Amino acid sequence: MKQTGIKPDGASLTELGFSGNENVQWNLSPASLIEETIRLGQGSLNDCGALMVDTGEFTGRSPKDKFTVEDSITKDTVWWGDVNFPFSPDKFKALRKKMTEYATGKTVYVHDAFVCADPVYRLKVRVITETPWANLFASNLFLRPTAEELKTFKPEWHIICLPGYRADAKQDGTRQHNFTMLNFTDKQILIGGSYYTGEIKKSVFTLLNYTLPLQKGVLSMHCSANIGKDGDTAIFFGLSGTGKTTLSADPQRGLIGDDEHGWSDTSIFNFEGGCYAKCVNLTKEKEPQIYDAIRFGTILENVRCFDNTKKVDYDNISVTENTRAAYPIHYIDNAVEPSVGGIPKNIFFLTCDAYGVLPPISKLTVPQAMYHFISGYTAKIAGTEMGVTEPQLTFSACFGKAFLPLHPIQYAELLGKKLEKHSVNVWLVNTGWTGGPYGVGSRMKLSYTRAMITAALNGSLEKVKFETLPVFNMQMPTSCPDVPAEILNPRNTWQDKDAYDTKANDLAQSFNKNFEQYANRANAEVLEAAPKATVNA
């Protein structure tokens, strides 16, 4: 295969330990990477022209196999524990040497990219991959330099992704054969043993979650963001199943980004240049923007087609429920470029409360916002995962605990400062149950949730009266345009008011128990913002 991409002036991989450049393909076009993937038998096109690939053994991230090198930079700054596992510098260097030796004689693909859409915080990343489609993934997900910018590109970070290299756990110091490793001193990331491309995406998110808050005073966030016609920015936080993608996809508002953002002194900016969307049960009716983005240039992971066709059956989860589509952000018709907005006026914490306790919308004080940000609450619903037959409480700090190199309190304190400085409205929106818990009540109507978010965005809720929800002490509007007033107070929707009080108390106790792990670093105002549960006798 002839080299047809752009090689930056003086670029080389020898400094990383690769033996030479004769088998390096530099910055190939998406079409060339697709052609190479098909030539190698690693993928095929569907009826819309999207590239279908399988990621093999791993169809999702492996959080227990993500390590951070413990050295003078990270020793006293990283939040070590059940999220961040330490790795020695010497073992990191030995592992990198084994990986580059493994690559000897093999073709590797290089994609040079930017991350962070605000030029003030832009970072240059060089992604080196074993497969051409992983290189295409990097091209789709990160910000794409111009041909002129590529000529003088000098990377600040390197990602070496060689899934065919399987670690020897005993010799290499890993847990098993797959691994993702971040080294903040060498500014390198190693990925091996797993072809799942989400490891590339989330390793970059993790590095930004460390460097931006600690070094730049920028709050890194696991959220979506959009912008109105008048330039008003809104942010949506929420775990899987809460409606984050659906509710932030508003045809009346431009999409800044769907997953990862920074909040600086002057802007909200997307970290990425693309989207990595779930496509299980995807239909044009439910999510037309994602559906229409699946075309030539898009990567579809672990999907299956209807028999004897190239038409994808998005309901088919025979490989995994975590089927994904990776595409450039400009494949979304209302995406704004550059992916930057102003300081937000409204922030939405989305939760699917399967217990029917929380209001469909409530306004939070700054300490309450910090408390609920640290908590990151939702409930997994029966039927959404194998083995889940009853709703399961889920807490994920800052709505993305798995990607936090720093203590959650550090992100919450930065959030609190920004909320105070800019007088931002923070709303807790329950997209879950009303009229009773799962199995008794019913799911909140999407049309009502959209109406409440619209009312918050256009200022309508600033003109109505509020009342206080006992136990959780949240302020609930007593009326909202296009929403029945009787559903705004959750207790009023329950036939058995005593049963509601009991369930509210139980949920409050769960919140408080979860928060115990963070309490020693939280200030008095945040601790006071906790729900006031009555201890069971």
Side-chain angles (χ1 to χ4, degrees), residues 113-123 125 137-145 197-198 200-209 212-213 216 218-229 231-240 242-264 266-279 287 289-290 292-293 297-299 324-350 398-400 403 411 415 418 424 453 457:
F114 297 133
V115 292
C116 298
D118 188 330
V120 174
Y121 303 101
R122 184 160 290 168
L123 193 69
V125 177
F137 176 87
S139 174
N140 284 354
L141 264 291
F142 301 139
L143 295 156
R144 294 157 287 279
T197 53
I200 299 174
K201 168 186 163 71
K202 289 306 185 186
S203 65
V204 172
F205 185 41
T206 302
L207 88 83
L208 293 173
N209 278 337
L212 289 177
K216 306 288 186 181
V218 171
L219 176 61
S220 52
M221 305 177 293
H222 192 205
C223 66
S224 59
N226 63 27
I227 187 168
K229 292 180 173 63
D232 60 301
T233 299
I235 294 174
F236 297 79
F237 291 93
L239 300 175
S240 180
T242 60
K244 176 166 67 82
T245 300
T246 301
L247 292 168
S248 63
D250 185 337
Q252 303 303 314
R253 299 174 65 83
L255 180 69
I256 298 172
D258 76 330
D259 197 42
E260 302 170 7
H261 295 82
W263 183 352
S264 73
T266 59
S267 69
I268 296 295
F269 59 92
N270 195 349
F271 289 163
E272 301 179 305
C275 304
Y276 192 40
K278 289 182 179 177
C279 48
E287 294 179 288
Q289 292 175 311
I290 295 173
D292 290 341
T298 296
I299 305 171
R324 293 273 180 171
Y327 47 85
I329 195 167
H330 60 259
Y331 279 23
I332 299 293
D333 56 11
N334 69 330
V336 296
E337 292 194 67
S339 303
V340 180
I343 301 299
K345 291 185 177 181
N346 292 280
I347 293 176
F348 299 93
F349 293 167
L350 306 175
C398 308
F399 299 95
F403 318 116
Y411 301 97
L415 173 69
K418 291 181 180 295
V424 182
I453 288 175
L457 290 171

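Every heavy atom of this structure was used, including side-chain atoms; hydrogens, water molecules and symmetry mates were not. Quick caveat: nothing in here was measured; it's all calculated off a predicted structure.
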Please name the pair of heavy atoms, one in [X] and one in [Y], separated by the smallest distance, quoted to 0.1 Å.
X	Y	result
G257	I329	CA-CD1, 4.2 Å
G341	I227	CA-CD1, 4.2 Å
Y276	D258	N-OD2, 4.2 Å
C275	I332	SG-CG1, 4.5 Å
L457	A234	CD2-CB, 3.7 Å
V218	G262	CG1-CA, 3.9 Å

Worked verdict on H261 versus I256 for side chain to side chain contact (heavy atoms under 4.5 Å, CB included): CA-CA 9 Å; H261 295 82; I256 298 172; 3.9 Å; yes
Does any part of the side chain of [Y], heavy atoms only, come nearer than 4.5 Å to the side chain of [X], both counted from C-beta?
X	Y	value
L207	L123	yes
S220	F271	yes
P344	W263	yes
E287	T245	yes
C398	N209	no

Atom [atom1] of [X] and atom [atom2] of [Y]: how far apart are they, to the nearest 0.5 Å?
X	Y	atom1	atom2	result
Y411	L219	OH	CG	9.0 Å
F399	T242	CZ	OG1	8.0 Å
N140	I299	CG	CD1	5.0 Å
L208	E272	CG	CD	9.0 Å
D250	Q289	CG	CD	9.0 Å
L415	M221	CG	CE	8.5 Å

Look only at the side chain of [X] and the backbone of [Y], and say whether a donor-acceptor pair between them is shorter than 3.5 Å.
X	Y	result
R144	G273	yes
T298	A293	yes
K229	Q252	yes

Residues in salt bridge (Lys or Arg N to Asp or Glu O under 4.0 Å) contact with [X], at least two apart in sequence or another chain:
X	value
D232	R253
D292	K284
D259	K201, K202, K244

In terms of the angle between their ring planes, are F348 and F236 parallel, tilted or perpendicular, with boundaries placed at 30° and 60°? parallel
Who passes side chain to side chain contact (heavy atoms under 4.5 Å, CB included) against A277, sequence neighbours left out? I290, Y327
Side chains of K278 and S240: do they bring a donor and an acceptor to under 3.5 Å? yes
Assess, by modelled atom type and distance only, whether the side chains of N226 and S248 contain a donor and an acceptor separated by less than 3.5 Å. no
With sequence neighbours left out, write down each residue that passes ring-ring contact (aromatic ring centres under 6.0 Å, His included) with F205, or none if nothing qualifies. H222, F403
Checking S267 now: which residues fulfil side chain to side chain donor-acceptor pair (under 3.5 Å) with it, not counting sequence neighbours? D118, S264
